[in-house]
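A note on names: the letters A, B, ... follow the listed sequences, proteins ahead of strands, and every chain is numbered from 1.
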There are 2 protein chains.
Amino acid sequence: MAHLTAGVEYGLHCLLWLASSPGTPLSSRDLAEFQGISPSFLAKIFPKLEKAGIVSASEGIKGGYLLARQPGDITVLEVVDAIEGRKPLFDCQEIRGRCAVFRERPPSWATKGVCAIHAVMLRAEKAMRDSLASQTLVDIAGDFGRKAPPEFSDDVRKWLADRTKSRTRNGAIEDGALS
Amino acid sequence: MAHLTAGVEYGLHCLLWLASSPGTPLSSRDLAEFQGISPSFLAKIFPKLEKAGIVSASEGIKGGYLLARQPGDITVLEVVDAIEGRKPLFDCQEIRGRCAVFRERPPSWATKGVCAIHAVMLRAEKAMRDSLASQTLVDIAGDFGRKAPPEFSDDVRKWLADRTKSRTRNGAIEDGALS
DNA sequence: ATAACGCGGACTATATTAGTCCGCGTTATG
DNA sequence: CATAACGCGGACTAATATAGTCCGCGTTAT
């Protein structure tokens, strides 16, 4: 699979919806169904975002998640690291020290500092991370907000509100969503 | 495992040794043993470099690989793509089109153009690739060449030459390399 | 003829990713 | 106070990718 995983994709999509619904906690289950992704998988992603201080959780019925900070203060890099745990782009195996002309232990000049190949990869990783760090949730949301017609955001609000209501005011145990 | 794989690492290390031994073909088996890596795995990497026009192969005993171009004309990005096959950093699943408020098929405004999240990832990937493209084998070799003492390059030449000779001039079936 | 070469395909083992399932303590509602 | 949905966490499974092995083929210098 790709280095930037589906978990990151799901997390970012959810954070954008949280950004568009400030003040109202959204549950991970609702967010999953709303976007047609796996609720149980999404449930494993949110605790990571919470530990990273990106979202804040409230428990119990009517609970859910809120953005813990302003969307403009949350970078894509933070989200990636929160979900994937800072995995490196490249895993140097120190081949340079295994050279056959080094009997037993390699000399210190050969293993001192960062391997030149590793250094190239670290620079590439830094370029990637800098790029991700330069974008916030606001930057991403802007693109989408400009494309959507005004009625859409009402439809979304309505869909999510209906979900929240069905948990408190009863009578919607059997709703219109058939298989 | 990491996105930039062990295959790339092995390939780059080998290419550096090829760059330091112009005109003399080196076999993938010798290169593997010289660096303490798996000969059979390395044997799967070189054909990819050959198809990409990075090395040229000669068959038969005394065969092996040569750099097909000047080391300064071979970028790290080319090597990565040759070995890994241009795998993307991120695999967009078009979550945006699955929104529950879209009954059946999503409207065209929602799926037109590149997903905003995907666009961020593509920019990050480009930053990474640009960084890799800016470095050639010469750039990497420079770092290492400066560190090694003069005697080292002689030792290497000797080790490799002994290997090549043991294929042509016989008498070295049992050499000093004990377990 | 031999031995080592590159080439390619089939195969295996291990790690990661994606996803499921279940049980716990919490909390608003009726 | 029972219920139902919530977040949390751990154990589990399935699919895929990576790393590595093995074997047989045609080629080529000795």
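- Here Lys51(A) lies in heavy-atom contact (under 4.0 Å) with sugar-phosphate atoms only.
- The CG-P distance, from Asp30(B) to dA3(C), rounds to 17 Å in whole Å.
- For the salt bridge (Lys or Arg N to Asp or Glu O under 4.0 Å) test, residues two or more places apart in sequence or in another chain that qualify with Asp154(A) are Arg157(A).
- Residues satisfying the salt bridge (Lys or Arg N to Asp or Glu O under 4.0 Å) test with Glu59(A), not counting sequence neighbours, are none.
- In this structure, Arg163(A) places its CZ atom 17 Å from P of dA4(D), rounding to the nearest Å.
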Tabulate below the donor-acceptor pairs under 3.5 Å that side-chain atoms of residues 133-141 of chain B make, not counting sequence neighbours, or state none.
| from | atom 1 | to | atom 2 | distance (Å) |
| --- | --- | --- | --- | --- |
| Ser134(B) | OG | Ser131(B) | O | 2.7 |
| Gln135(B) | OE1 | Arg123(A) | NH2 | 3.1 |
| Thr136(B) | OG1 | Val138(B) | N | 3.3 |
| Thr136(B) | OG1 | Asp139(B) | OD2 | 3.4 |
| Asp139(B) | OD2 | Thr136(B) | N | 2.8 |

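- A close approach under 4.0 Å does not occur between any side-chain nitrogen or oxygen of Ser58(B) and OP1 or OP2 of dC5(C).
- Phe41(B) pairs by the ring pair (Phe, Tyr, Trp, His ring centres under 6.0 Å) definition with Tyr10(B), not counting sequence neighbours.
- Under the side-chain contact (heavy atoms from CB on, under 4.5 Å) criterion, Ala43(B) pairs with Ser28(B), sequence neighbours left out.
- Atoms CD (Gln35(A)) and P (dG19(C)) sit 13 Å apart, rounded to a whole Å.
- Under the salt bridge (charged side-chain N to carboxylate O under 4.0 Å, His left out) criterion, the residue pairs touching residues 124-137 of chain A are Asp81(A)-Arg129(A), Lys126(A)-Asp130(A), with sequence neighbours excluded.
- Residue pairs satisfying the side chain to side chain donor-acceptor pair (under 3.5 Å) criterion with at least one member in residues 36-52 of chain B, sequence neighbours excluded, are listed as follows: Ser38(B)-Ser40(B).
- Proximity of a side-chain donor or acceptor of Glu78(B) to a complementary backbone N or O of Ile54(B) within less than 3.5 Å is not detected.
- At a non-hydrogen distance threshold of 4.0 Å, Lys87(A) from residues 82-93 of chain A come into contact with DNA chain C.
- One can place CD1 of Ile37(B) at 12 Å from P of dA19(D), the figure rounded to the nearest angstrom.
- Scanning all heavy atoms of the two residues, the minimum distance from Thr5(B) to Glu84(B) falls at N-OE2, 2.8 Å.
- One finds a salt bridge joining Glu94(A) and Arg96(A) here, because a Lys/Arg side-chain nitrogen approaches an Asp/Glu carboxylate oxygen to under 4.0 Å.
- Along DNA chain D, the nucleotide nearest Ser27(A) and the nucleotide nearest Ala2(B) are compared for position; the residue whose nucleotide lies closer to the 5' end is Ser27(A).
- With rounding to whole Å, Leu31(A) atom CG is found 15 Å from dA5(D) atom C1'.
- Here the nucleotide nearest the side chain of Ser28(B), chosen from dC8(D), dG6(C), dA28(C), is dG6(C).
- For the OP1/OP2 pair of dG20(D) and a distance below 4.0 Å, the side-chain nitrogens and oxygens of Tyr10(B) include at least one atom meeting the criterion.
- Counting to the nearest Å, the P atom of dG20(D) and the CD1 atom of Ile45(B) are 9 Å from each other.
- Stem analysis of DNA chain D (at least three stacked-register Watson-Crick or G-U pairs, each with both distances under 3.5 Å) gives C:1-30 with D:1-30.
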| Using a cut-off of 4.0 Å between protein heavy atoms and nucleotide atoms, how would you tag nucleotides 22-27 of chain D 5' to 3' with B, S and -? | ----BB
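- With sequence neighbours left out, the ring pair (Phe, Tyr, Trp, His ring centres under 6.0 Å) criterion links Trp159(A) to Phe34(A).
- With sequence neighbours excluded, no residue satisfies side chain to side chain donor-acceptor pair (under 3.5 Å) with Arg29(A).
- Atom C1' of nucleotide dA18(C) and atom CG of Leu42(A) are separated by 13 Å, given to the nearest angstrom.
- Close to dA17(D), at under 4.0 Å from its OP1 or OP2, lies no side-chain N or O of Thr5(B).
- Phe41(A) places its CZ atom 14 Å from the C1' atom of dT13(D), with the value rounded to the nearest Å.
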